[in-house]
Each structure stands twice: as structure tokens, then as C-alpha cells.
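Read through the structure below, which is laid out as C-alpha cells, and then see the notes.
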Amino acid sequence: MRPRDLPMSKQKGIMLLEALLGILIFSLGILAVVGMQAIAVRTVAESKYRMDASFLANEVMGEMWANRSNLALYTYAGGTPPPVLANWTAKVESALPGVEANPPAIAIGAGNEVTVTIYWQHAEEANQSPPPPPHQYSAIASIN
């Protein structure tokens, strides 16, 4: 039996039910859009941090190229930075979150192969239990 064939007393509330279902479907769509927006904002922030880390790694490698005779002074694995890296480590700490707990590392290997690794971690990630490993960007160059 179709709704128009029912007597008026049996059709009461049909329109209200249709409106409630429409609101429910619309609300689910809005929640999905808000969720996608949150993911997009997080992805943009992550790409900005990765770009900043790339810039900072290239910056210190450029300094190494300009100061090749003192290349060994650039070795760093955390702690108090050597004087040639003091400004650079301060830039890294100001540009990226969580660097204090995850300091950058610069290793100089055989043949003057330099590896610069920069770590960062968002505050909400550091508070998770157990915390995920920090994000990292590594750049390798041979400085001759």
C-alpha cells in the first residue's frame, strides 16, 4: 500500500521521519568533511616541517662546503653543539617541534661523506603511550 492510499490518520509522522533521516545523512556528510579538513591541516603542517628540515640540512651542508678545511668540527650527535654549529642548532630548535628531545645529528664518514639527520616530533605524538618514533629527514653529501 502506498502512503497516499493510507488514510490521513495512518500517515502522521512520515514527513518528520523523512526530515530526521535527511538531517542525519547531512550531519554525517558534514562530519566527514570536517575530518578530511583536519587530516589536510595535519598533512600540510607535516610537509612544512619536512621542507624546513630540508632547508636546514642544506644550509649546514653549504656551510661545510665553505669551510671544508675544518670539516671535522661539524661532527655532532647531541648535547652541547660545537661553536660552528651553535647558531644552526638554535635555528633547528626554533623551526621544528620536539627537537630538544630529539637533537639533530651530523656524521662525517670515509671520503668526507656527510650525513645530516634532523628529527622532530609533535607534542601530541610525544604524549602518546608508547610514543611513536620521531619524524626524520636525512641528507647525504660528499664534500671534497
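Because the structure is a prediction, the values reported are computed rather than measured.
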All heavy atoms of Ala57 vs all of Ala139, minimum pair found to be CB-CB, 4.1 Å
For Ser142 against Gly111, the heavy-atom pair lying closest together
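Nearest heavy atoms, Ser142 then Gly111: OG-O, 3.7 Å.
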Is [Y] close to [X] at the side-chain level, that is, under 4.5 Å between some pair of heavy atoms?
{"X": "Thr115", "Y": "Thr117", "value": "yes"}
{"X": "Val33", "Y": "Gln37", "value": "no"}
{"X": "Pro104", "Y": "Ile118", "value": "yes"}

Students often mix this up, so state it plainly: with edges at 30° and 60°, are the rings of His122 and His135 parallel, tilted or perpendicular?
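Plane angle over 60°, so perpendicular.
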Please determine whether side chain to side chain contact (heavy atoms under 4.5 Å, CB included) holds for the pair Trp120 and Tyr137, giving the CA-CA distance in whole Å, both sets of side-chain angles, and the decisive distance to 0.1 Å.
CA-CA 9 Å; Trp120 69 94; Tyr137 176 83; 3.9 Å; yes
In terms of hydrophobic clustering (I, L, V, M, F, W, Y; side-chain heavy atoms under 4.5 Å; direct or indirect links), are [X] and [Y] co-clustered?
{"X": "Ile108", "Y": "Ile140", "answer": "no"}
{"X": "Val116", "Y": "Tyr49", "answer": "yes"}
{"X": "Val99", "Y": "Met51", "answer": "no"}

Side chain to side chain contact (heavy atoms under 4.5 Å, CB included) for Val84 and Tyr74? Distances and angles first, verdict last.
CA-CA 7 Å; Val84 294; Tyr74 288 90; 3.9 Å; yes
Tell me whether Gln121 contacts the main-chain N or O of Pro132 through its side chain, where contact means a donor paired with an acceptor under 3.5 Å.
yes
Where the side chain of Ser54 meets the backbone of Arg50, is there a donor-acceptor pair that is under 3.5 Å apart?
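Pair absent, no side-chain N/O of Ser54 close to backbone of Arg50.
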How many angstroms lie between CD1 in Ile23 and CG in Leu28, if you round to the nearest 0.5 Å?
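These two atoms lie 12.0 Å from each other.
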Point-to-point distance, once rounded to the nearest 0.5 Å, from CG of Leu73 to CG of Asn67
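With rounding to 0.5 Å, CG (Leu73) is 7.0 Å from CG (Asn67).
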Which side chain to side chain donor-acceptor pair (under 3.5 Å) pairs, counting each pair once, include a residue from residues 76-92, with sequence neighbours left out?
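Sorted pair list: Glu59-Lys91.
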Can you run down the side chain to side chain donor-acceptor pair (under 3.5 Å) pairs that involve residues 92-110, sequence neighbours left out, and say none if there aren't any?
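Of all non-adjacent pairs touching residues 92-110, none passes side chain to side chain donor-acceptor pair (under 3.5 Å).
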Between the side chains of Arg68 and Glu63, is the shortest nitrogen-to-carboxylate-oxygen separation below 4.0 Å, so that they form an ion pair?
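A salt bridge is absent here (no side-chain N lies under 4.0 Å from a carboxylate O).
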Checking side chain to side chain contact (heavy atoms under 4.5 Å, CB included) for the pair Ser47/Thr43: CA distance, chi angles, key distance, verdict?
CA-CA 6 Å; Ser47 66; Thr43 302; 5.6 Å; no
Evaluation steps, side chain to side chain contact (heavy atoms under 4.5 Å, CB included), between Thr75 and Ile106
CA-CA 5 Å; Thr75 301; Ile106 299 176; 5.9 Å; no
With a cutoff of under 4.5 Å between side-chain heavy atoms, which Ile, Leu, Val, Met, Phe, Trp and Tyr residues group with Leu16?
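Via sub-4.5 Å side-chain contacts, Leu16 links to Leu20.
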